[in-house]
Structure formats: C-alpha cells, structure tokens
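Heads up, the thing below is written out as structure tokens.
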Amino acid sequence: MDLILELKARNEILFYFGFANLVAAVLFLILSFSNPLEAVGTNAWHKPIKFALSTLILSWSLAWYVGYLDASSDLNVANWIIVVTLGFEVVYIALQASRGELSHYNESTPFHAAMFSSMALAATIATLTIGYIGLKFYATSFPNLPDSYVWAIRLGIVLFVIFSFEGFVMGANSGHTVGAKDGGAGIPFLNWSVTHGDLRIAHFVGMHALQVLPLLALLVLRDLRLTIVAAVVYGLLAIFVFVQATRGRPFLQSFEREES
C-alpha cells in the first residue's frame with residue numbers, strides 16, 4: 001500500500017491513467033468469457049486485455065521514473081500526451097473487439113484505414129514523448145540515486161524507443177506474422193506464432209527493457225558495468241529475436257535450431 005501511495009504522489013495523472021487501464025483490463029477479461037467473440041481465429045478480447053495491461057505497466061513505470069525529475073510544465077504536457085494517445089489506442093482496440101473486427105492492419109474501408117493510420121500516429125507521438133522524457137534523464141544528474149539504476153532507466157528508455165518503432169516494420173509487412181497470414185497457431189493468450197516468424201515478440205522484449213533493466217540494476221546487479229553489459233546483452237537478444245522473425249522462424253524453434 002505504501003508503494004501505491006508513493007506512486008500516486010510521484011505522478012497523479014499517470015497513476016490514475018494506469019489504474020483506469022487496470023479496471024479496463026478486468027472488464028475486458030470478464031467480456032472474454034461472457035461475450036467470446038472471435039477475430040482472426042482468436043478471442044477478440046485478448047487484444048484489448050493485452051494493450052490495457054501493457055499501458056498500465058508503461059504508465060506506472062513512467063509515473064515512478066518521472067518522479068525523479070523536477071516538476072515542470074513540459075512534463076505535465078508529456079503526461080497528458082501519453083494519456084490521450086495511448087488512451088485512444090486502447091479505446092479503439094476495445095471498440096473493434098466488441099464488433100469482432102480487427103483494429104490493426106484493417107484497411108477494409110476508408111474509415112478503418114484512417115483509424116489504423118491514426119493509431120500509428122498516436123503510437124509515434126507517445127514514443128517520441130517518452131524519448132523526450134529520456135533526454136531529460138540524460139540531461140539531469142541524480143546524486144542520490146545509484147549510477148547503475150540511473151543508467152538502467154536511461155538505457156531502458158533507449159531500447160523502448162527503438163523497439164517501439166519496430167511497429168513500422170509490422171505496418172510495412174501488413175501484419176505481424178512473417179511467412180504466413182496472421183491468425184495461425186499461437187501461444188495461448190499471447191497468440192505469438194508457433195509455426196512462423198512473429199514480429200511482436202521483439203517488439204515486446206525490446207519495449208519491456210523499460211522495466212527489466214531498472215529492476216535488474218536496483219535489485220540484482222547494483223553495479224554500473226554489469227548494468228551496461230546487461231543492457232547490451234538484452235538489446236542483442238531483442239535484435240536476435242527480431243532477425244529470426246524476419247527470417248520466418250518461430251520464437252521457440254529459433255533457439256532450438258541455434259542450440260543444435
């Protein structure tokens with residue numbers, strides 16, 4: 001409870017936005033059982049659940065990190081940009097799920113094409129905003145924080161931005177599956193393809209550097225050099241997964257082949 005109160009004190013806007021996404025994720029979960037519509041062979045509600053949870057984690061992570069920066073009007077604007085852009089994505093994805101229709105890569109009508117482009121624009125603006133927050137971390141010194149932790153946040157934001165923009169590769173591919181159409185056999189709930197390459201996996205791995213690296217630095221590594229090495233290894237892992245996906249290899253099979 002103390003952690004929740006501290007999070008709220010650090011950034012009230014992103015705290016409540018994250019909480020709203022938590023409530024939305026629970027609602028979507030209930031709907032996935034009570035109204036199990038399908039889209040591309042999977043439960044249509046799984047996608048809004050994943051996006052709401054991802055937005056929750058991102059919002060609360062940023063709320064915590066931004067609390068280390070001095071309050072300013074530009075950060076307040078950044079908060080609201082994140083709320084509006086990511087909120088728009090979650091709402092539209094949920095609306096499409098309620099119709100049993102796709103949100104991403106749906107260009108079946110001019111309206112759907114325009115909304116898909118709007119989501120891409122919203123994601124770009126949100127990513128650039130987070131990149132701006134990252135620049136403030138590079139321009140600020142934190143004498144009361146461990147260097148390893150500060151650099152983990154900085155490098156985590158860099159990897160987040162890079163692999164957020166990997167979304168453009170999926171857009172150019174008109175889908176996240178490489179070597180087949182979207183909607184084949186996949187890991188339960190996540191729906192990552194088990195038969196072909198899936199670009200979403202590198203997207204997921206790279207973006208969550210924003211949480212993984214700071215937690216590693218703060219709780220496990222506690223050393224600047226080890227943290228930098230961990231960031232490099234983590235980045236190489238995300239790149240490896242991306243390259244394997246572009247070659248049409250499924251995630252688990254990629255590692256099996258490399259080992260053999």
Side-chain angles (χ1 to χ4, degrees), residues 21 25-26 28-58 89-90 92-94 96-108 112 116 119-120 123 159-160 162-213 216 233-260:
N21 277 278
V26 172
F28 300 151
L29 178 62
I30 294 170
L31 289 170
S32 72
F33 290 102
S34 63
N35 185 28
L37 297 170
E38 283 201 356
V40 197
T42 61
N43 191 308
W45 292 107
H46 285 177
K47 190 161 194 169
I49 292 171
K50 290 185 289 185
F51 267 77
L53 289 175
S54 179
T55 304
L56 159 67
I57 294 169
L58 175 60
E89 281 199 281
V90 172
Y92 179 64
I93 291 167
Q96 288 298 91
S98 71
R99 298 170 174 172
E101 297 180 0
L102 292 174
S103 52
H104 289 72
Y105 323 115
N106 185 346
E107 299 180 305
S108 58
H112 289 111
F116 176 43
M119 283 199 299
L159 289 175
F160 173 91
I162 292 171
F163 285 92
S164 290
F165 283 127
E166 190 223 335
F168 285 109
V169 178
M170 289 184 267
N173 188 55
S174 297
H176 47 75
T177 306
V178 178
K181 292 184 178 180
D182 291 347
I187 297 172
F189 181 66
L190 293 173
N191 299 321
W192 294 344
S193 178
V194 295
T195 56
H196 296 85
D198 197 320
L199 295 165
R200 293 176 298 181
I201 303 173
H203 195 56
F204 175 91
V205 172
M207 290 174 65
H208 283 290
L210 190 62
Q211 292 82 35
V212 173
L213 293 181
L216 274 177
V233 171
Y234 191 92
L236 290 174
L237 171 65
I239 292 171
F240 170 76
V241 173
F242 171 72
V243 171
Q244 294 295 76
T246 62
R247 296 166 65 185
R249 288 186 175 184
F251 177 65
L252 296 178
Q253 188 178 342
S254 296
F255 285 97
E256 290 172 1
R257 289 185 180 179
E258 290 299 320
E259 289 174 0
S260 62

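FYI, side chains are in, hydrogens and waters are out, and symmetry mates aren't considered; it's all heavy atoms of this structure.
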Subject >> ring-ring contact (aromatic ring centres under 6.0 Å, His included) partners of Phe163, counting only residues at least two apart >> reply: none

Original post:
What are the two closest non-hydrogen atoms of Leu159 and Leu213, and how far apart are they?
Top reply: CD1-CD1, 4.0 Å

Subject >> Set of ring-ring contact (aromatic ring centres under 6.0 Å, His included) partners for Tyr92, sequence neighbours left out >> reply: none

**OP:** Heavy atoms only: give me the nearest Val178-Thr246 pair and the separation to one decimal.
**Re:** CG1-O, 3.6 Å

**OP:** Taking all heavy atoms of Ile93 and all of Ser103, pick out the closest pair and write down the distance.
**Re:** CG1-OG, 3.6 Å

Original post:
If you look at every heavy atom in Phe116 and Asn106, which pair is closest and at what distance?
Top reply: CB-O, 4.1 Å

**OP:** Only counting residues at least two apart or in another chain, list the ones meeting side chain to side chain contact (heavy atoms under 4.5 Å, CB included) with His196.
**Re:** Thr177, Ala180, Ser193

Original post:
Which residues pass the side chain to side chain contact (heavy atoms under 4.5 Å, CB included) test with Ser98, sequence neighbours left out?
Top reply: Trp45, Leu95

**OP:** With sequence neighbours excluded, tell me which residues meet side chain to side chain contact (heavy atoms under 4.5 Å, CB included) with Val169.
**Re:** Glu166, Leu199, Phe242

Subject >> Check: Ser54 side chain, Phe51 main-chain N or O, donor-acceptor pair, under 3.5 Å >> reply: no

Pairs under 3.5 angstrom only: tabulate donor-acceptor contacts from the side chains of residues 234-241 to other protein residues two or more places apart or in another chain.
from	atom 1	to	atom 2	distance (Å)
Tyr234	OH	Val205	O	2.5

**OP:** Could you tell me whether the side chain of Glu101 and the main chain of Gln96 form a donor-acceptor pair under 3.5 Å?
**Re:** no

Original post:
Distance-only, no hydrogens or angles: does the Asn21 side chain make a donor-acceptor pair with backbone N or O of Thr55 under 3.5 Å?
Top reply: no

